[in-house]
2 protein chains.
Amino acid sequence: MSDLCVGLPDSKLPILYDSSEHVERNKGEILFEDVDPATHIFNIQEGSITLYRMGPSGQRQILGFLFSGDLFGISPGESYGVSAEACADTKLCRWERNKFDDFLVLFPAMGRQFRLIASKSLAQSLDLAFALGRLNAEQRLAAFFIHLNERQAEMGAGPNQVSLPMSRSDIADYLGLTIETVSRGITKLKKKGLINLIISDYIEFLDKEALKELAEGA
Amino acid sequence: MSDLCVGLPDSKLPILYDSSEHVERNKGEILFEDVDPATHIFNIQEGSITLYRMGPSGQRQILGFLFSGDLFGISPGESYGVSAEACADTKLCRWERNKFDDFLVLFPAMGRQFRLIASKSLAQSLDLAFALGRLNAEQRLAAFFIHLNERQAEMGAGPNQVSLPMSRSDIADYLGLTIETVSRGITKLKKKGLINLIISDYIEFLDKEALKELAEGA
DNA sequence: CGTTGCCTTGAAACATTTCAAAAGTCGTGG
DNA sequence: CCACGACTTTTGAAATGTTTCAAGGCAACG
């Protein structure tokens with residue numbers, strides 16, 4: 001159940017587990033919408049989720065791609081404030097907010113762990129804001145690939161590759177671009193010899209250092 | 001001491017207070033840099049702070065303007081990850097991370113309150129990401145004015161005005177624009193009859209509803 | 001009253017978007 | 001196994017919004 005239970009005595013795990021509900025969503029199905037009352041905290045067991053917000057003219061901004069182990073549904077208000085959709089067939093578990101809150105009070109180690117996770121979410125969204133505000137298309141793509149690569153490496157993937165399970169349209173909506181600009185950006189990175197596009201959803205890094213520099217905004 | 005102590009029994013306040021240190025910074029002085037070890041949690045008593053990140057080519061992205069009562073310094077890693085600078089003469093207090101963590105465990109009400117504050121920070125940075133990713137210059141300005149207006153209204157300001165204590169350069173670096181584009185955007189909003197620029201750092205809303213719609217991305 | 005710093009305005013350059021079409025991928029059925 | 005159609009990705013050319021570079025206006029200050 002993610003990193004949430006690090007440091008939690010094993011004897012308490014069943015309590016946490018018993019109070020959770022299991023939920024499943026197929027690819028493309030919606031888990032909740034931004035205006036829905038924020039009743040639960042979710043944890044991904046398998047699959048992936050996109051968090052996004054829609055503008056009134058149909059602009060979609062994806063605010064995060066989440067994977068196994070990620071926790072979400074954290075909100076300060078009545079509603080979630082973001083929508084969540086399954087980006088692949090996904091298994092989750094969820095807790096009622098109140099119950100979850102009780103756990104955090106009951107098990108201080110879990111409270112600490114929760115703060116760590118929440119601050120990671122914050123750090124990630126600051127990374128995104130920096131990318132959207134101050135990086136050009138090519139740099140945003142580099143940052144995205146490096147970010148995904150690190151996330152996938154944690155899950156056992158190789159150090160010089162990245163797979164893109166999401167569509168160009170999803171990537172575009174995450175990076176604040178259009179699919180055409182994403183496509184052109186990938187082509188540019190290829191022509192510069194930084195990456196190799198094996199197939200449209202699998203990239204090999206040819207010069208990871210240069211990619212990292214680009215990603216920082218060089 | 002901000003909203004952090006809501007629900008905390010008065011008898012505990014001195015403990016919290018005693019363990020804090022007071023810090024002052026004059027306008028323009030740096031409080032910490034992104035690479036500094038994240039040793040403290042800060043709370044603003046008076047004044048304002050900008051959180052920002054610098055790119056290697058000198059690009060500055062401001063990630064937040066913070067005011068009295070705001071809490072910051074939350075980070076998942078060893079370092080702060082963002083830099084903090086006084087945007088006006090500012091008085092703060094700070095706690096050592098470890099001690100602060102102890103309080104959160106000791107006083108569950110404070111833990112809850114902290115989670116609320118942390119999730120507000122997250123929500124704000126998601127708002128910023130949406131603005132940077134999917135709004136044009138005019139819309140970003142509208143969103144910024146509405147946001148500041150709400151923040152200032154909480155502190156007792158009128159409902160149809162906003163003061164801009166920060167420079168055009170700060171606004172530009174927050175909205176991912178240049179000062180020229182900010183200036184032109186303000187002019188456009190003026191010409192459309194949505195705002196009135198009384199002086200360069202004080203704006204009156206002439207059509208707040210239209211402004212809000214723009215801010216949402218209409 | 002001139003200097004300094006910040007804000008505004010103008011014109012050309014640039015990056016990204018928009019619109020349009022071609023190329024590639026995938027599953028289905030002949 | 002190839003052919004077909006639907007869908008996604010890539011490429012091209014024109015349009016658009018923002019940036020860059022340059023100059024002018026304005027207020028504060030000595």
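Sequence lines set the chain letters: A, B, ... in the order given, protein chains first and strands last, and positions in each chain run from 1.
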To the nearest angstrom, how far is [X] atom [atom1] from [N] atom [atom2]?
X	N	atom1	atom2	value
B/K188	C/dT8	NZ	C1'	14 Å
A/K190	D/dT9	NZ	P	13 Å
A/D201	D/dT9	CG	P	9 Å
B/I179	C/dG10	CD1	P	16 Å
A/R134	C/dA15	CZ	C1'	15 Å

Look at all strands and tell whether [X] reaches a base, only sugar-phosphate, or nothing, counting heavy atoms closer than 4.0 Å.
X	result
A/L177	sugar-phosphate
A/L197	sugar-phosphate
A/G176	sugar-phosphate

Tell me which of A/E180 and B/E180 sits closer to the 5' end of DNA chain D, going by the nucleotide each one is nearest to. A/E180
From the set D/dT18, C/dT18, C/dT16, return the single nucleotide nearest to any side-chain atom of B/N136. D/dT18
Taking the minimum atom-to-atom distance to the side chain of A/T187, which one of D/dT11, C/dC7, C/dT17 wins? D/dT11
Please determine whether a side-chain nitrogen or oxygen atom of B/S183 lies at a distance below 4.0 Å from atom OP1 or OP2 of C/dC7. no
Parallel, tilted or perpendicular for B/Y80 and B/F32, by the 30°/60° rule? parallel
Look at atom NZ of B/K188 and say whether more than 12 heavy atoms of other residues, nucleotides or ligands are closer to it than 6.0 Å. no
Between the base of D/dG17 and the side chain of B/R184, is there a donor and acceptor pair under 3.5 angstrom? no
At less than 3.5 Å, do the side-chain atoms of A/R168 and the base atoms of C/dT25 form a donor-acceptor pair? no
Using only heavy-atom distances, determine whether the side chains of B/Q61 and B/Y52 contain a donor-acceptor pair under 3.5 Å. no
Of all the heavy-atom pairs spanning A/F130 and A/E216, show the shortest one and how long it is. CE2-O, 3.8 Å
